[in-house]
S.K.: 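My questions all concern the structure below.
Proteins come first, then strands; the chains are lettered A, B, ... in the order of their sequence lines, and each starts at number 1. Computation of the quantities below employed the complete heavy-atom set of this structure, encompassing side-chain atoms and omitting hydrogens, waters and symmetry-equivalent molecules.
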Amino acid sequence: MKQFQYTRALTQQSAIEAIAKPGTKIIAGGTNLIDLMKRGVTAPDKLVDINHLPLKNITATKTGLHIGALALNSVVSENSLVLQKQPLLSMALKAGASPQLRNMATVGGNMMQRTRCSYFYDTTMPCNKRAPGTGCGAMEGINRMHAIFGTSDQCIAVNPSDMSVGLAALDAVAIIAGKKGERRIPFTEFHRLPGDHPELDNHLAAGEMIVGVEIPDNNFAKNSYYLKVRDRQSYAFALVSVAAALEISNGTIKNARLAMGGVAHKPWRLFDAEKALIGKPATEDSFKQAAQIAMQGAKGYQYNSFKLKLAPATITEALKHAAGLA
Amino acid sequence: MEDERDHALPGSEPEAKDNSRRNFLKQSTLLTAIALTPGTAVKAAEMHVDEKIAAVFEKMPIKMEVNGVAHSLSVEPRATLLDILREQLDLTGTKKGCDHGQCGACTVHVDGHRVNSCLTLGVMASGKKITTIEGLAKGDELHPMQEAFLKHDGFQCGYCTPGQIMSAVACIREGHANSEMEIREYMSGNICRCGAYPNIVNAIQEVKEGGQAV
C-alpha cells in the first residue's frame, strides 16, 4: 500500500475543509477503501478519519427516521426503531457482507462502496471506471455478475450494496454537507448510471460528505421483504436482489415499493412495476405481471443473460414473501 | 541506543522516537555515498533505504491495550492492526489469510466487537482494547470455546481456527447462536477450506447450551 498522511477530523467543518484538497479521501469503516488501497486501485495521499464526528445516532423525527452517516451497519440492522419502523432496511443490511464487516462498515461508507467488478479490481486489466479511456474488460469478458439495466458502452458494472437497495425502495433521502451547508437529495438520485463517466459512482461533488439518511414514515413494516439470490447462501454479492414493500388492505394493494440490486450501476428502483401493482389483488398473478413490466428495457450480455429470467422470478418471490404468500 | 536496537525482538521495529535523528543522519550519509555508484544505488533501492528513511518521519504514536496489556507503539499509518499484532507485538495467533476481508482468519475483538484486523488501520485502533486468540485462556485454563473446538475436532489444518474461535465467542455474546441455521449464518464471515464446518457448529452449540460464561 502506498504511504499516506493520516489525520483525524474533530469537527464536520474541518473534515469538509480537508477533503476539498485533491488526493484526499475520507475514511470511516475502511472495509472497502483499505481493500482498494492494498490492491492499488486507489492511492490517496491523505486520509481524513471522520470516526470521531458525532454522526452515529439513530433517531425518530416527526416525519421519519434519521440515521447518522457513521452508524454501523450491524447497529442499524439491530436497532429497535429500525426493526419496528423499517424492517426492510434491517433485512437488506443483514444480507450484506459478514458480521465482522458489518461491525466496521458505516451507512455513509456503504453508500460510497465501489463496484466489485473483477476488471475494476485487477489493475492489469482495462477499466473505464478505474482508468478512464482504457476500455471495458467486462463488456466482452467474464460478465456473469454484471448489469442488465442502464449500461453504457463504457461500463456494465453493478453497485454492490444491499443497504442502498433497501433505502432506494423506502424513499430515503441522502443528507449531504459541503462548504455551502447541507443539501438533501432523493436516495434514488444519489448514485448515477455510468454513461460517459463511469469513473463517477454518484452525484457527490468534490468537497462534499454524506452526514446521514432519512427514511420517511410509511405503512410498509408489516409487508416487506428483502430477497437476495447469490452463488452461496451467505457472504456473497448478489446476482439479483429485490427489496419489496407492500401496503395491503383487504387483499388489495394500496401502495408498493420495489427496487433491485445486482442489475445496474445504481440501486434499480422499479417505478412502473410499483404503479402496476396499485389497486391489484395481492396475488401471485399480480406479482408476475409487475415483474414482467419491471423487465422492460433489460439487456443481457454473454454470461449474464440468465438474469433476464432470474430477475423477474426473484421479484415475484420477494413480493410473495412480502405479502405473506410464501 | 545501539544496545536498545540489539535487544529489539525479532520482527519488531525499533522505537523511532529518540534515535530517529541519528538514524536519519546515518542513512542519509549512506545515501550520499552510494549515489555515486549506480550498482549500489540499485541495491539501496532494492533494500528500500529511501522508504526506511521516510518511515522514520511518517510513523505515528499510538496506544492500545492488547489482551489486558497496555502498549505504546510507533506505527506507519498504512500498517494494519493485523500486521502490528503479528510483527510488532509478536502475537502471531491471529492469522493472515486473504488479507482482504474475505476469509475471517484475522478476526479479533476491538472494544468487544469482532472485526477483520486486516482491514483495520492501527492508527484507527488507537485508544482501544483489543482481544486476540492469545487473550482468551486464563493461564493454562483454556476458554470454553477452545475446549469445545478440541473436543469436537473443529479444525483440520488449524489455520482458520483462531479467527473461527474469536468469531464463535462473539457469535454467542451477540445472541446469534440460537439454532444451527443462525450459527451458520453468523459464522459465514469465517471460511474453513478443510470443511470443518459441522464440527465448528457442534462446538458452538455445546458452549451455548452449556450456558458457561463466554
S.K.: Less than 4.5 Å apart, any side-chain heavy atom of B:His113 and any of A:Gln100?
M.R.: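 They are not in side-chain contact.
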S.K.: How long is the span from the CE atom in A:Met104 to the CG atom in B:Asn116, to the nearest 0.5 Å?
M.R.: 5.5 Å
S.K.: Start with the C-alpha gap between A:Lys94 and B:Tyr186, add the side-chain angles, then the distance that decides, and say whether side-chain contact (heavy atoms from CB on, under 4.5 Å) holds.
M.R.: CA-CA 10 Å; A:Lys94 286 179 178 173; B:Tyr186 279 85; 3.7 Å; yes
S.K.: Could you tell me whether the side chains of A:Asp35 and B:Gln102 share a donor-acceptor contact shorter than 3.5 Å?
M.R.: no
S.K.: Distance-only, no hydrogens or angles: does the A:Asn103 side chain make a donor-acceptor pair with backbone N or O of B:Arg114 under 3.5 Å?
M.R.: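 Yes, because the side chain of A:Asn103 sits within donor-acceptor range (under 3.5 Å) of the backbone of B:Arg114.
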S.K.: Within a reach of under 6.0 Å around NZ of A:Lys25, are more than 12 heavy atoms found that belong to other residues, nucleotides or ligands?
M.R.: no
S.K.: Is it the case that the side chain of B:Arg78 and the backbone of A:Met1 share a donor-acceptor pair, with hydrogens and angles ignored and the cut-off at 3.5 Å?
M.R.: yes
S.K.: Dump the intermediate steps for side-chain contact (heavy atoms from CB on, under 4.5 Å) on A:Leu101 and B:Leu119, then the final yes or no.
M.R.: CA-CA 9 Å; A:Leu101 291 168; B:Leu119 294 180; 3.8 Å; yes
S.K.: When rounded to the nearest 0.5 angstrom, what is the spacing between CD in B:Glu76 and OH in A:Tyr6?
M.R.: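 Reported value, rounded in 0.5 Å steps: 15.0 Å.
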S.K.: Examine distances only and state if a side-chain atom of A:Lys38 and a backbone atom of B:Asp99 form a donor-acceptor pair shorter than 3.5 Å.
M.R.: yes
S.K.: Taking the side chain as C-beta and beyond, is there a heavy-atom pair between A:Phe4 and B:Glu58 under 4.5 Å?
M.R.: no
S.K.: For chain B, which candidate among A:Glu78, A:Arg232, A:Gln233, A:Arg102 shows the most heavy-atom pairs at distances under 4.5 Å?
M.R.: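 Winner by heavy-atom pair count: A:Glu78.
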S.K.: Counting only heavy atoms not in A:Lys2, do more than 12 sit closer than 6.0 Å to its NZ atom?
M.R.: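 More than 12 heavy atoms, drawn from other residues, nucleotides or ligands, come within 6.0 Å of this atom.
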S.K.: Which one wins on heavy-atom pair count under 4.5 Å against chain A: B:Thr80, B:Val110, B:Leu121?
M.R.: B:Leu121
S.K.: State which residue, out of B:Glu185, B:Met187, B:Arg184, fulfils the side chain to side chain contact (heavy atoms under 4.5 Å, CB included) condition with A:Ser234.
M.R.: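 When B:Glu185, B:Met187, B:Arg184 are each tested with A:Ser234, the side chain to side chain contact (heavy atoms under 4.5 Å, CB included) holds only for B:Glu185.
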